**Q** 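What follows is a structure written as structure tokens; I'll ask about it next.
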Amino acid sequence: MRILKDKNNIIIKEISDFDLQQTLECGQCFRFYKQDEQDYVVVAYGRLLHIMEKDNNLVFLNKTIKEVENIWIPYFDLNRDYEKIKEFLLKSDETLEPAIKEKNGVRILNQEFVETLISFIISQNKQIPHIKHIVKTISENFGDYLGEVNGEKYYSFPNMKQLSNITEADFREMKTGFRAPYLSDAVKKLSTGIINEKEIRMLKEEDARKKLMEIKGVGEKVANCVMLFSLGYRQAFPIDVWIKRIMETLYFNGKDTSKEIIGKCAKELYGEYGGYAQQYLFCFGRDNKVGKNKNE
DNA sequence: ATCCAGGCCCGAT
DNA sequence: ATCGGGCATGGA
């Protein structure tokens, strides 16, 4: 991986195991806006990013080397050796081979804790486009203006202070439905320090999950997503409707199987690398409609 | 129209 | 412990 400066842009060359589209569009993140093929606007960490992938190079438009190194390389998880991860997973279970081959460029983003928590509370029983829309609305109404790309204005996800001003009625107005009280409870526990990122990061996997589940509206699935996508627990294995179907197809002969059994199966097969396996499987399974009626 | 979506709560067994 | 109904809203 080589970083160089070209006029106002920063270019990363010789990057491997990375695909911008696969990484952004695989359901882990809701703040990306497609401009064109491999050309995206991303909002994260209170910043606006216009990024493109061209001929296996990553181009960060109008950025400094410092910001790319401090914010975006960690955000895209570019310092991690995914070759090693894939090797481990393939060795432990060759069932994963088609998924890993096709979704070769997926990386797990390191997203902000509060935004990830709020976003995945919203995500329950919703489709991704609608989740994206709600997170965008929250940002427009309560975040800061960041700038404009291709004539479209972008706003940061509200910080803790801005978030604590949002009432349950506000959440309802933003079409969060029955999740509004859950969101208010999360905001309350965050602002009073009952839920504290630094404290949770020091906990073991089981205890971190339990702590997050003290929030109303946070169950195993949401807790696991928050842990995997924003707290660095790469062994977390969120089981949603897709993963359930995929695992049933791959390992249980298509038979209806409880999430508990599926979770145990994943732990045994993938261990510390469960989160990566989950992402490869989720993206692959969703794109190929694994376990779903194909003529839909 | 009816069903379901990156689920979870709650009450009934 | 486990199961099923209900839940706001929008898209297929």
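Bear in mind the structure is a predicted one, so any value in this text is a computation, not a measurement. Labels below follow one simple rule: chain letters A, B, ... track the order of the sequence lines, proteins then strands, and each chain is numbered from 1. What's counted below: heavy atoms across the whole structure, side chains too, no hydrogens, waters or symmetry copies.
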**Q** Please say which of A:Ile12, A:Val68, A:Leu20 ends up in a side-chain contact (heavy atoms from CB on, under 4.5 Å) with A:Phe76.
**A** A:Leu20
**Q** Which ILVMFWY residues can you reach from A:Val149 by hopping between side chains whose heavy atoms are under 4.5 Å apart?
**A** A:Tyr33, A:Val41, A:Val43, A:Leu48, A:Leu146, A:Tyr154
**Q** Given A:His50, which partner from the list A:Asn150, A:Asn62, A:Asn9, A:Asp39 fulfils the side-chain hydrogen bond (donor to acceptor under 3.5 Å, both in side chains) test?
**A** A:Asp39
**Q** Which is more 5' along DNA chain B, the nucleotide nearest A:Ile215 or the one nearest A:Arg286? Just name the residue.
**A** A:Arg286
**Q** Can you check salt bridge (Lys or Arg N to Asp or Glu O under 4.0 Å) on A:Lys244 and A:Asp240, steps first, answer last?
**A** CA-CA 6 Å; A:Lys244 185 166 182 293; A:Asp240 60 14; over 6 Å; no
**Q** If you measure from the P atom in B:dG11 to the same atom in C:dA8, how many Å do you get, rounded?
**A** 15 Å
**Q** side-chain hydrogen bond (donor to acceptor under 3.5 Å, both in side chains) with A:Lys103: which of A:Asp19, A:Asp287, A:Thr23?
**A** A:Asp287
**Q** List in numerical order all residues of residues 250-285 of chain A for which some heavy atom is under 4.0 Å away from an atom belonging to DNA chain C.
**A** A:Glu260
**Q** Quick one: side-chain contact (heavy atoms from CB on, under 4.5 Å) partners of A:Gln235, sequence neighbours excluded?
**A** A:Glu205, A:Tyr233, A:Lys267, A:Glu272
**Q** Looking at every strand, decide which applies to A:Glu220 at a 4.0 Å heavy-atom threshold: base, sugar-phosphate, or nothing.
**A** sugar-phosphate
**Q** Determine the Euclidean distance between corresponding C1' atoms of B:dG6 and C:dT2; express it in Å to zero decimal places.
**A** 23 Å
**Q** Tabulate atom names and distances for all N/O pairs under 3.5 angstrom spanning the protein and nucleotides 6-12 of chain C.
**A**
from: C:dA8; atom 1: O4'; to: A:Phe178; atom 2: N; distance (Å): 3.3
from: C:dG11; atom 1: O4'; to: A:Gln127; atom 2: NE2; distance (Å): 3.4

**Q** Pick the C1' atom in C:dG6 and in B:dC4, then give their distance to the nearest Å.
**A** 14 Å
**Q** Answer with base, sugar-phosphate or nothing: what part of the nucleic acid does A:Gly27 contact at a heavy-atom distance below 4.0 Å?
**A** base
**Q** Is A:Arg245 salt-bridged to A:Glu248, cutoff N-O under 4.0 Å?
**A** no
**Q** Between A:Phe120 and A:Phe30, is the ring centre distance below 6.0 Å?
**A** yes
**Q** Over all strands shown, is A:Cys26 touching base, sugar-phosphate only, or nothing at heavy-atom distances under 4.0 angstrom?
**A** base
**Q** So, A:Lys63 versus A:Asn8: side-chain donor-acceptor pair below 3.5 Å or not?
**A** no
**Q** Under 4.0 Å from any heavy atom of chain A: name the first and the last nucleotide of DNA chain B that qualifies, 5' to 3'.
**A** B:dA5 to B:dC10
**Q** Could you walk me through whether A:Asp77 and A:Tyr82 pass side-chain hydrogen bond (donor to acceptor under 3.5 Å, both in side chains), step by step?
**A** CA-CA 10 Å; A:Asp77 208 30; A:Tyr82 275 68; 2.5 Å; yes
**Q** If you link I, L, V, M, F, W and Y whenever their side-chain heavy atoms are under 4.5 Å apart, who else ends up in the same group as A:Val59?
**A** A:Leu4, A:Ile11, A:Met52, A:Leu61
